[in-house]
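All values below were derived from every heavy atom in this structure, side-chain atoms included, with hydrogens, water molecules and symmetry-related copies excluded.
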Amino acid sequence: MNNPIELSLEQQFSIHSFANQVQDMSHEQAKDFLVKLYEQMVVREATYKELLKHQWGLDGTGLA
C-alpha cells in the first residue's frame with residue numbers, strides 16, 4: 001500500500017491515549033498485554049475471513 005490510510009482525530013487521540021497507558025505498564029504487564037492483543041488480532045482476522053467466505057458464498061451455504 002503506497003497511500004497510507006488517514007486516521008480520524010478520534011482514532012489519533014485513541015492511539016495517543018493507548019500509548020500513555022502502555023507507558024505506565026511494567027515490562028511483564030506489557031508482554032502479557034502484547035500476547036493478548038496479538039490473540040485478539042488473530043481471532044479478528046479469522047472472523048473476517050469466515051464472514052467474507054459466508055458473504056461470498058464460498059462456505060457451501062450461499063450457492064445452493
Side-chain angles (χ1 to χ4, degrees):
M1 292 172 61
N2 292 340
N3 298 332
I5 296 172
E6 292 284 330
L7 299 178
S8 68
L9 287 176
E10 181 181 357
Q11 290 167 321
Q12 292 176 34
F13 176 80
S14 179
I15 291 169
H16 182 71
S17 176
F18 178 78
N20 288 337
Q21 290 174 349
V22 172
Q23 190 70 29
D24 294 334
M25 288 182 184
S26 71
H27 185 72
E28 286 301 315
Q29 287 174 318
K31 287 190 334 185
D32 185 51
F33 183 77
L34 188 58
V35 170
K36 290 177 182 174
L37 183 62
Y38 183 74
E39 181 182 1
Q40 289 178 356
M41 289 170 48
V42 170
V43 168
R44 181 181 294 166
E45 181 181 0
T47 302
Y48 287 157
K49 285 181 180 180
E50 286 302 312
L51 288 171
L52 287 173
K53 282 195 321 190
H54 179 72
Q55 183 68 27
W56 294 340
L58 301 175
D59 60 356
T61 63
L63 298 176

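Here Lys36 does not pair with Glu39 in a salt bridge; the nearest charged N to carboxylate O distance is not below 4.0 Å.
With sequence neighbours left out, the side chain to side chain contact (heavy atoms under 4.5 Å, CB included) criterion links Leu7 to Gln11, Gln12, Ile15.
The CD atom of Gln29 lies 12.0 Å from the NZ atom of Lys31; values are rounded to the nearest 0.5 Å. Atom CG in Leu52 sits 11.0 Å away from atom OG1 in Thr47 (nearest 0.5 Å). In this structure, CG on Asp32 lies 11.5 Å from NE2 on His27, to the nearest 0.5 angstrom.
Leu37 is connected to Met25 through a chain of hydrophobic side-chain contacts under 4.5 Å among Ile, Leu, Val, Met, Phe, Trp and Tyr, so both are in one cluster.
Shortest non-hydrogen contact noted between Asp59 and His54 is OD2-ND1, 2.9 Å.
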